[in-house]
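Everything below concerns the one structure shown next.
Numbering of ligands and ligand atoms starts at 1, following listing order. Computation of the quantities below employed the complete heavy-atom set of this structure, encompassing side-chain atoms and omitting hydrogens, waters and symmetry-equivalent molecules.
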Amino acid sequence: MRTRFAPSPTGPLHLGHAYSAILAHDMARAAGGAFLLRMEDIDRARARAEWEALIVEDLHWLGLDWDEPVLRQSERIGLYEARLERLAEAGLVYPCSCSRADIRAALAAPQEGVAFAVYPGTCRGRPLGDRRPGDALRLDLAGALARLDPEGLAFEETGARHRGRHRIDGARLLAAIGDVVLSRRGDNIVAYFLASACDDADQRITHVIRGEDLFDYTAIQVVLQRLLGLPTPVYHHHRLIRDAEGRRLAKRDDARAIARFREAGASPVGIRRMVGLA
Ligand code: GLU
């Protein structure tokens, strides 16, 4: 078993991240497997080295260690672009000049509670040669699905809420997610979906352990895996740690930052107890 914790270094580690990291670590250790750390620092406008350093410090303080050097997405842009190029050569990518605000929203790692705007397909069919500076590149999802064997579009889930084998329903995926942004020129940004799918394969992750909020995006990652000939790991989407009002913890909830608990004298075991993993 090889698991990973993949934080975006755009804020402090909070209780929700601690839960995710400890769970992925403990599952790997219980199976005699490896636990890896990956910094999803591709969003250069928001990622900070200081946050990365604090996250590493908090993880060590929690008693977690990882078996390979930290993988940084910001150092892997060339690899993502090579895969993107393959999709482009297969005719599955088109340039899109639609609203920058929409594109930025789609590029950021998805967040619970933020409705995913399904792209209406205005630019679909535009040739790649027509790409203008600042255009995004989108996946032609219908075209992609038409090339893939529906039998192969499936994944295994072991998280309590969605446990079982999931067959991907192409029509539903088109209606719910649609033509996702894969990259935006200018910023040299490859979006979360592609980067994360490439990284899980390259880190030979066998079990992706992450929050339930990302469950709906798994299908797109499986489509990308099939298109790129990458393996599909087992997925384990876990419950989210919520605050007293039942809201999901977010980066801005400083009060829930592990660093705050440390300052207040909490112990690593105390944190494990708080998230129900002692
Ligand atoms: N970087 C994402 C986050 O901070 C996690 C993505 C994943 O685990 O696949 O929420």
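Residue contact annotation: Phe5 has no non-hydrogen atom under 4.0 Å from ligand 1.
By the 3.5 Å distance cut-off applied to N or O atoms, His17 is not counted among the residues near ligand 1. Considering backbone and side-chain atoms together, Leu214 places no N or O closer than 3.5 Å to any N or O of ligand 1.
Comparing heavy-atom distances from atom 6 (C) of ligand 1 across Glu40, Met39, Arg210 singles out Glu40 as nearest.
Counting the atoms of ligand 1 from 1 in the order shown, those under 4.0 Å from a heavy atom of Arg4 are 7 (C), 8 (O), 9 (O).
Taking the ring centroids of Phe5 and Phe35, they lie at or beyond the 6.0 Å cut-off. His238 and Tyr19 have their aromatic ring centers within a separation under 6.0 angstrom.
Classification of Asp199 and Arg4 as a salt-bridged pair fails, no side-chain N sitting under 4.0 Å from a carboxylate O.
Applying the ring-ring contact (aromatic ring centres under 6.0 Å, His included) rule to His166 yields the partners Phe155, Phe215; only residues at least two apart in sequence or on another chain are considered.
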Report task. Would you please test Arg46 and Ser8 for side chain to side chain donor-acceptor pair (under 3.5 Å) and show each step? Result -> CA-CA 9 Å; Arg46 293 167 63 227; Ser8 307; over 6 Å; no
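At a heavy-atom distance under 4.0 Å, no atom of Gln73 approaches ligand 1.
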